[in-house]
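Counting from 1, the numbers follow the sequence of the chain as shown.
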Amino acid sequence: MTRRRITGPLLLALCAVVLAGCASVPQHSSVQVLRQTGDSGAAVPDGPIEDGDPLGLVRGFVYASGRSDDRHASARRYLAGAASNWDDGASLTVLTERFDTVFAPSTTEAGPDRATVRVRGTRLGTVGPSGAFDAAPAPVELDVGVVRQNDHWRIDRVPPGVLVRQSDFRDNYRSLRAWFADPARDALMPDTHYVPSTRPTQLAARAVEVLMRGPSAGLSGAAVSLFPATARLRSAVSESPDGVALVDLTGVSGLSEPDRRTLAAQLALTLAEVSVPRVRILSDGQPLLPGRPEVSRDDFAALATGTEVLPQLPMVVDGGRVRQLTESGGDDPVAGQAGNGSFDIVDAASSVRGNRMAVVSREETGTQRLLVGPVGGQMTATPVSGAEVTALTWSARGDEIWAIADGRVRRVLVPSAGRPSEGALDLSALGTTAPITDLALSRDGGRIAVVAGRRVLVAPVVDEAGGRVSLGAARALRPTELTHAVAVAWRSAEQLVVASDSDRPVALVSADAMWLDPIPGTNLTSPLRAVTAAPGHPLYVTDRTGLWSYSGADLDAWRQTLGTSTTVRPFYPG
């Protein structure tokens with residue numbers, strides 16, 4: 001590189017600029033480090049801007065609150081000594097991206113060196129101590145007191161709890177699939193919680209805490225934790241040099257052998273979600289499972305629901321028969337009465353387990369009847385019939401089929417031997433009188449999604465004594481955004497796909513309502529009539545022009561799959 005000489009006048013000018021800048025820079029913070037935050041990609045300070053105003057100070061405090069490490073150390077840099085006892089663990093409120101900071105109406109605190117700043121935003125919900133998200137969309141306002149100290153503004157009064165923008169939450173927290181026991185059968189089902197992104201050992205410790213606290217309200221009654229109320233950690237979760245996590249428990253010695261096995265399965269499956277391949281589980285210093293000092297996810301894979309292998313392509317109902325889509329782009333009628341024309345079929349569903357099929361047959365009288373039978377075999381009539389029978393969905397065990405008949409949800413028991421019969425069902429917890437037009441049971445059996453009054457509701461499915469089934473408390477998924485829903489399907493145990501008659505024709509939404517991701521509607525034409533989905537498989541919808549598929553590729557456009565029939569109904573098992 002060639003050295004260049006700085007001339008005298010230029011050198012004097014540079015020095016003047018530097019000295020002028022130094023005169024205005026506060027003593028303790030001469031440089032502000034910027035970081036990218038959120039979906040907007042905007043750069044925000046990693047601490048208060050010393051010559052900033054009160055509104056910018058509080059706004060920066062909200063930005064910094066997304067970082068939870070060291071008890072929100074970044075956010076605490078915005079606080080004066082009077083606010084050092086800020087209770088950041090009281091609550092965590094997740095906001096949408098847009099929020100305002102304005103001066104609150106005049107108060108006795110107003111003055112040249114003191115002000116009250118009001119934060120106004122929209123709450124998506126709150127994250128509780130267990131890490132579970134509780135959707136509660138509503139406007140939110142809170143007042144923050146600020147004071148000028150040594151010519152710098154700082155926060156001296158802040159309400160308990162933390163406000164975090166959704167994008168900052170996404171950047172600084174990670175989802176955790178915690179596994180809980182289905183009390184009605186020997187199986188585990190996943191439940192989404194959120195924990196701060198941190199080191200693997202700390203993640204493992206947080207995961208154990210989640211299991212001890214139990215499932216979220218979204219699975220209340222449908223799943224339980226096998227950790228008794230007396231369970232405690234004897235020591236911190238640690239990791240051996242060979243990568244084995246050590247979980248040393250006390251207060252679990254009273255568990256039966258089957259319950260010990262289920263507890264071990266909860267730990268192995270959940271810790272595998274945070275990249276812990278093997279776990280050494282102790283009870284009061286001794287192996288929880290005698291003869292098995294270490295366990296892994298593979299030891300309990302058979303207990304994990306929702307891991308069944310599904311066909312790559314769905315079946316469809318078209319032309320009065322059930323057909324299987326093929327890799328070549330065609331479709332072939334399925335074997336047995338479902339595909340040979342014995343019935344005029346208008347809707348159908350197959351089970352994940354049990355190799356069963358349910359169909360709706362249109363009778364000569366114009367009524368519709370629900371029939372069930374083995375895939376490729378003979379169909380048997382059920383007690384369900386009506387002017388319209390639709391929205392078929394199978395239980396996880398494959399021994400129940402649910403449907404909507406003339407606007408009423410019906411539950412049909414399908415034993416391995418004997419005739420189908422109707423089962424008791426209590427839907428009062430849905431809390432709506434709106435007509436139910438579509439429904440889908442999750443493949444793990446823990447939840448049901450329904451479309452009622454054009455909104456999507458999700459509730460836990462609770463098995464009760466005497467063979468009754470009821471629903472737990474329901475939650476509406478993004479009620480101000482998913483306002484014209486017509487069909488719903490489970491893409492996974494944690495995510496649904498919703499078809500709507502709106503400018504957002506298809507969207508993915510998490511079962512806890514934390515995340516909503518629109519899917520491009522290129523090539524689709526309203527109204528949409530049906531939708532199906534499965535983990536890792538293309539989505540399928542029927543619109544006004546036919547059946548379309550979407551795999552996330554193909555330049556983000558839907559691809560027409562089957563002719564121009566507007567009555568075709570696609571379905572994956574479930």
Side-chain angles (χ1 to χ4, degrees), residues 179-191 215 218-224 226 258 261-262 265-266 269 300-311 315 338 348-359 370-377 379-380 382-384 391-404 409-427 439-450 458-472 489-490 492-494 511 532 534-535 571-574:
W179 290 81
F180 294 95
D182 179 346
R185 57 197 172 103
D186 188 19
L188 299 180
M189 58 181 66
D191 191 26
L219 274 182
S220 179
V224 298
L226 267 293
R261 175 175 173 270
T262 303
Q266 283 189 254
L269 291 172
F300 305 104
L303 299 180
T305 56
T307 57
E308 297 83 4
V309 177
L310 302 179
M315 295 181 189
S350 62
S351 64
V352 175
R353 296 181 180 180
N355 197 37
R356 289 178 166 180
M357 179 80 69
V359 301
L370 177 65
L371 305 99
V372 296
V375 174
M379 297 286 108
T380 300
T382 74
V384 175
L392 311 185
T393 181
W394 282 93
S395 68
R397 291 183 293 261
D399 57 1
E400 297 179 17
I401 180 73
W402 295 28
I404 301 174
V409 180
R410 309 280 291 274
R411 170 179 170 244
V412 178
L413 309 180
V414 188
S416 56
R419 297 188 63 82
S421 62
E422 190 150 6
L425 179 61
D426 181 2
L427 302 179
L439 60 89
L441 290 165
S442 61
R443 291 181 178 89
D444 64 10
R447 298 180 177 93
I448 188 170
V450 304
V458 172
V461 179
V462 182
D463 290 296
E464 298 181 343
R468 292 179 56 86
V469 168
S470 65
L471 301 186
W490 290 90
S492 68
E494 301 91 5
T532 191
F571 62 94
Y572 288 105

Quiz item: By side-chain hydrogen bond (donor to acceptor under 3.5 Å, both in side chains), which residues pair with Arg353, not counting sequence neighbours?
Solution: Glu308
Quiz item: How long is the span from the OG1 atom in Thr393 to the CZ atom in Arg411, to the nearest 0.5 Å?
Solution: 13.0 Å
Self-check item: N/O donor-acceptor pair under 3.5 Å between Trp394 side chain and Ala349 backbone
Solution: yes
Quiz item: For the atom pair CG (Leu226) and CH2 (Trp179), what is the distance rounded to the nearest 0.5 Å?
Solution: 15.0 Å
Practice problem: Taking atom CZ of Arg419 as the centre, report whether more than 12 heavy atoms of other residues, nucleotides or ligands fall under 6.0 Å from it. | Solution: no
Quiz prompt | Which residues share a side chain to side chain contact (heavy atoms under 4.5 Å, CB included) with Ser470, sequence neighbours left out | solution = Asp426, Val462, Glu464
Exercise. Applying side-chain hydrogen bond (donor to acceptor under 3.5 Å, both in side chains), name anything that partners Ser395, two or more places apart in sequence or on another chain.
Key: Asp399
Quiz item: If you take all heavy atoms of Pro183 and Ala223, which pair is closest and at what distance?
Solution: CD-CA, 4.0 Å
Self-check item: Set of side-chain hydrogen bond (donor to acceptor under 3.5 Å, both in side chains) partners for Trp490, sequence neighbours left out
Solution: none
Quiz prompt | Set of residues satisfying salt bridge (charged side-chain N to carboxylate O under 4.0 Å, His left out) with respect to Asp182, sequence neighbours excluded | solution = Arg185
Quiz prompt | Any side-chain heavy-atom pair of Glu400 and Leu441 under 4.5 Å | solution = no
Quiz item: What pairs with Ser220 under side chain to side chain contact (heavy atoms under 4.5 Å, CB included), at least two apart in sequence or on another chain?
Solution: none
Practice problem: With sequence neighbours excluded, tell me which residues meet side chain to side chain contact (heavy atoms under 4.5 Å, CB included) with Ala493. | Solution: Pro190, Asp444
Quiz prompt | Closest heavy-atom pair and its distance - Leu392, Ala403 | solution = CD2-CB, 3.5 Å
Practice problem: Kindly compute the distance separating OG1 (Thr382) from CD (Glu422), expressed to the nearest 0.5 Å. | Solution: 8.5 Å
Practice problem: For side-chain contact (heavy atoms from CB on, under 4.5 Å), just list the numbers for Val412 and Val372, CA-CA rounded to whole Å, side-chain angles, deciding distance to a tenth of an Å, and then say yes or no. | Solution: CA-CA 10 Å; Val412 178; Val372 296; 5.7 Å; no
Quiz item: Taking all non-hydrogen atoms of both residues, which atom of Pro420 and which atom of Pro415 are closest, and how far apart?
Solution: CA-CD, 4.4 Å
Quiz item: How long is the gap from CZ on Phe180 to CE on Met189, to the nearest 0.5 Å?
Solution: 11.0 Å
Self-check item: Contacts of type side chain to side chain contact (heavy atoms under 4.5 Å, CB included), residue Val409, not counting sequence neighbours
Solution: Trp402, Ile404, Leu425, Leu427, Ile436, Leu439
Practice problem: Not counting sequence neighbours, which residues clear salt bridge (charged side-chain N to carboxylate O under 4.0 Å, His left out) with Asp186? List them please. | Solution: Arg261
Exercise. Quick one: list whatever passes side-chain hydrogen bond (donor to acceptor under 3.5 Å, both in side chains) with Arg356, sequence neighbours left out.
Key: none
Self-check item: Minimum heavy-atom distance Ala489-Ala440, with the two atoms named
Solution: CA-CB, 4.4 Å
Quiz item: Can you tell me how far CD of Glu494 sits from CG of Asp191, rounded to the nearest 0.5 angstrom?
Solution: 8.5 Å
Quiz item: Going from OG1 on Thr532 to OH on Tyr572, what distance comes out if it is rounded to the nearest 0.5 angstrom?
Solution: 6.5 Å
Quiz item: Of all heavy-atom pairs between Leu219 and Gly446, which one has the smallest distance, and what is that distance?
Solution: CD2-O, 3.8 Å
Quiz item: Minimum heavy-atom separation for Met357 to Met315, with atom names?
Solution: CE-SD, 3.7 Å
Practice problem: Apply side-chain contact (heavy atoms from CB on, under 4.5 Å) to the pair Val461 and Leu471, showing each step before the final yes or no. | Solution: CA-CA 5 Å; Val461 179; Leu471 301 186; 4.0 Å; yes
